[in-house]
Amino acid sequence: MKLKIKKGDNVIVIAGNDKSSTPHRVLAVNEEKMRVLVEGVNIRKKHMRPNQQNTQGGIVSMEMPIHYSNVMLADSNNKPTKLGVRIVEENGKKHKVRFAKTDKKDI
(Lines give C-alpha, C1' and ligand atoms only; values in the text may rest on other atoms or scores of the structure.)
Protein backbone atom coordinates (compact mmCIF):
# COMPACT_ATOMS: atom_id res chain seq x y z
CA MET A 1 0.00 0.00 0.00
CA LYS A 2 1.34 3.43 -0.91
CA LEU A 3 1.26 5.95 1.91
CA LYS A 4 0.32 9.60 1.42
CA ILE A 5 2.94 10.76 3.91
CA LYS A 6 6.42 11.29 2.48
CA LYS A 7 9.89 11.94 3.87
CA GLY A 8 10.33 15.60 4.78
CA ASP A 9 6.62 16.31 5.37
CA ASN A 10 5.48 18.15 8.49
CA VAL A 11 3.06 16.03 10.51
CA ILE A 12 1.12 16.33 13.75
CA VAL A 13 0.91 13.34 16.11
CA ILE A 14 -2.80 12.77 16.80
CA ALA A 15 -2.63 9.66 19.03
CA GLY A 16 -0.33 8.00 21.53
CA ASN A 17 1.96 9.19 24.32
CA ASP A 18 3.55 11.89 22.14
CA LYS A 19 0.26 13.46 21.04
CA SER A 20 0.75 17.17 20.43
CA SER A 21 -0.41 20.08 18.31
CA THR A 22 3.07 21.09 17.12
CA PRO A 23 4.29 19.82 13.75
CA HIS A 24 7.30 17.51 13.47
CA ARG A 25 9.35 16.50 10.41
CA VAL A 26 9.18 12.97 8.96
CA LEU A 27 12.65 11.40 8.77
CA ALA A 28 11.80 8.10 7.08
CA VAL A 29 8.81 6.11 5.77
CA ASN A 30 8.53 2.32 5.78
CA GLU A 31 5.68 1.40 3.43
CA GLU A 32 5.91 -2.38 4.04
CA LYS A 33 5.33 -2.03 7.80
CA MET A 34 3.17 1.13 7.41
CA ARG A 35 5.33 3.06 9.86
CA VAL A 36 6.92 6.51 9.87
CA LEU A 37 9.94 7.82 11.78
CA VAL A 38 9.16 11.27 13.16
CA GLU A 39 11.77 13.66 14.55
CA GLY A 40 11.57 13.99 18.36
CA VAL A 41 8.67 11.53 18.76
CA ASN A 42 8.60 8.07 20.42
CA ILE A 43 12.08 8.39 21.93
CA ARG A 44 13.35 5.16 23.51
CA LYS A 45 16.58 4.13 25.25
CA LYS A 46 18.69 1.56 23.41
CA HIS A 47 21.77 -0.27 24.66
CA MET A 48 24.53 0.08 22.07
CA ARG A 49 27.74 -1.88 21.72
CA PRO A 50 30.94 0.04 21.09
CA ASN A 51 31.55 0.61 17.37
CA GLN A 52 33.39 3.08 15.16
CA GLN A 53 30.73 5.80 15.42
CA ASN A 54 30.13 5.29 19.16
CA THR A 55 33.47 4.19 20.62
CA GLN A 56 32.24 4.00 24.22
CA GLY A 57 28.90 2.32 23.67
CA GLY A 58 26.31 2.64 26.43
CA ILE A 59 22.68 3.73 26.54
CA VAL A 60 21.56 5.94 23.64
CA SER A 61 18.24 7.77 23.21
CA MET A 62 16.81 7.38 19.72
CA GLU A 63 13.53 7.83 17.84
CA MET A 64 11.54 4.74 16.99
CA PRO A 65 8.92 4.45 14.23
CA ILE A 66 5.19 4.87 14.89
CA HIS A 67 2.20 3.69 12.86
CA TYR A 68 1.21 6.11 10.10
CA SER A 69 -2.41 6.23 11.33
CA ASN A 70 -1.21 8.10 14.43
CA VAL A 71 -0.06 11.13 12.40
CA MET A 72 -1.75 13.64 10.08
CA LEU A 73 -0.21 16.11 7.67
CA ALA A 74 0.05 19.72 8.87
CA ASP A 75 -1.30 22.52 6.67
CA SER A 76 0.15 26.05 6.42
CA ASN A 77 -1.60 27.03 9.69
CA ASN A 78 -0.09 24.01 11.54
CA LYS A 79 -3.47 22.30 11.83
CA PRO A 80 -4.03 18.61 11.02
CA THR A 81 -5.47 18.08 7.55
CA LYS A 82 -6.37 15.42 5.04
CA LEU A 83 -4.53 15.26 1.75
CA GLY A 84 -5.96 15.90 -1.70
CA VAL A 85 -4.36 15.45 -5.12
CA ARG A 86 -5.07 17.57 -8.17
CA ILE A 87 -3.64 17.35 -11.66
CA VAL A 88 -1.91 20.50 -12.90
CA GLU A 89 -0.78 21.13 -16.45
CA GLU A 90 2.41 23.14 -16.99
CA ASN A 91 4.17 23.56 -20.34
CA GLY A 92 1.99 20.85 -21.87
CA LYS A 93 2.91 18.29 -19.18
CA LYS A 94 0.54 17.02 -16.51
CA HIS A 95 1.70 16.24 -13.01
CA LYS A 96 0.07 15.64 -9.64
CA VAL A 97 0.15 18.25 -6.89
CA ARG A 98 -0.65 17.45 -3.25
CA PHE A 99 -2.77 19.99 -1.37
CA ALA A 100 -4.29 20.40 2.10
CA LYS A 101 -8.06 19.91 2.22
CA THR A 102 -8.50 22.50 4.98
CA ASP A 103 -7.09 25.55 3.19
CA LYS A 104 -6.65 24.26 -0.40
CA LYS A 105 -2.95 25.29 -0.43
CA ASP A 106 -0.20 23.12 -1.92
CA ILE A 107 1.94 21.01 0.40
Side-chain angles (χ1 to χ4, degrees):
M1 180 176 171
K2 187 168 180 173
L3 304 182
K4 295 180 179 182
I5 298 171
K6 300 193 183 306
K7 179 180 174 181
D9 284 347
N10 286 328
V11 295
I12 296 173
V13 180
I14 59 170
N17 292 339
D18 296 310
K19 179 179 176 179
S20 69
S21 61
T22 58
H24 299 278
R25 193 166 47 97
V26 175
L27 301 175
V29 177
N30 186 344
E31 291 183 355
E32 291 84 34
K33 294 185 178 181
M34 299 175 81
R35 294 190 167 268
V36 292
L37 184 66
V38 182
E39 185 177 40
V41 175
N42 198 22
I43 296 177
R44 300 287 182 245
K45 303 270 187 193
K46 185 164 180 164
H47 296 267
M48 299 291 283
R49 270 194 180 149
N51 57 25
Q52 287 185 349
Q53 289 93 13
N54 187 5
T55 55
Q56 276 218 304
I59 301 172
V60 178
S61 295
M62 59 189 311
E63 294 114 352
M64 300 301 256
I66 59 175
H67 198 264
Y68 88 102
S69 65
N70 294 334
V71 297
M72 283 186 82
L73 282 168
D75 63 4
S76 59
N77 301 326
N78 293 334
K79 304 264 187 198
T81 182
K82 291 183 180 180
L83 180 75
V85 178
R86 74 178 90 131
I87 297 173
V88 178
E89 187 172 340
E90 282 185 18
N91 301 331
K93 293 184 180 180
K94 295 180 180 179
H95 62 276
K96 294 180 182 178
V97 175
R98 301 184 314 152
F99 69 94
K101 293 258 185 156
T102 54
D103 58 2
K104 306 293 188 224
K105 292 183 182 174
D106 293 347
I107 293 181

K93 backbone acceptor or donor facing N91 side chain under 3.5 Å: no

Which donor-acceptor pairs under 3.5 Å do the side chains of residues 17-29 make with protein atoms, sequence neighbours left out?
residue: D18; atom: OD2; partner: N42; partner atom: N; Å: 2.6
residue: H24; atom: ND1; partner: E39; partner atom: O; Å: 3.3
residue: R25; atom: NH2; partner: E39; partner atom: OE2; Å: 3.4

Qualifying residues under side-chain contact (heavy atoms from CB on, under 4.5 Å), relative to K7, sequence neighbours excluded: none

Under 3.5 Å: donor-acceptor pair, side chain of E63, backbone of I43: no

Spacing of NZ belonging to K6 relative to CZ belonging to R98, to within rounding of 0.5 Å: 5.5 Å

4.5 Å side-chain heavy-atom contact, V11 and V38: yes

M62 side chain near R44 side chain, heavy-atom distance below 4.5 Å: no

Non-neighbouring partners of T102 that pass side-chain contact (heavy atoms from CB on, under 4.5 Å), sequence neighbours left out: D75, T81, A100

Contact check, side chains of P65 and N30, non-hydrogen atoms, under 4.5 Å: no

Side-chain hydrophobic cluster, 4.5 Å single linkage: members besides V88: V97

Spacing of H47 atom NE2 and I59 atom CD1 [to the nearest 0.5 Å]: 4.5 Å

In residues 49-56, what donor-acceptor pairs under 3.5 Å come from side-chain atoms, sequence neighbours left out?
residue: N51; atom: OD1; partner: Q53; partner atom: N; Å: 3.2
residue: N51; atom: OD1; partner: N54; partner atom: N; Å: 2.7
residue: N54; atom: OD1; partner: G57; partner atom: N; Å: 3.3

R35 to Y68 six-membered ring, cation-pi geometry met (6.0 Å, 45°): no

hydrophobic_cluster_shared for M48 and M64, side chain cutoff 4.5 Å: no

Exercise: identify the closest heavy-atom pair between R86 and K104: NH2-O, 3.2 Å

Non-hydrogen atoms of G84 and K101 that approach each other most closely: CA-CE, 3.8 Å

Which residues share a side-chain contact (heavy atoms from CB on, under 4.5 Å) with K4, sequence neighbours left out: L83

Criterion side-chain contact (heavy atoms from CB on, under 4.5 Å) on I5 and V71, from CA distance to verdict: CA-CA 9 Å; I5 298 171; V71 297; 3.4 Å; yes

L73 and N10, any side-chain heavy atoms less than 4.5 Å apart: no

Residue pair N77 / D103, side-chain heavy-atom distance below 4.5 Å: yes

Cluster link M34 to V13, ILVMFWY, side chain under 4.5 Å: yes

Distance in Å, M72 CE paired with I12 CD1, rounded so as to fall on 0.5 Å steps: 8.5 Å

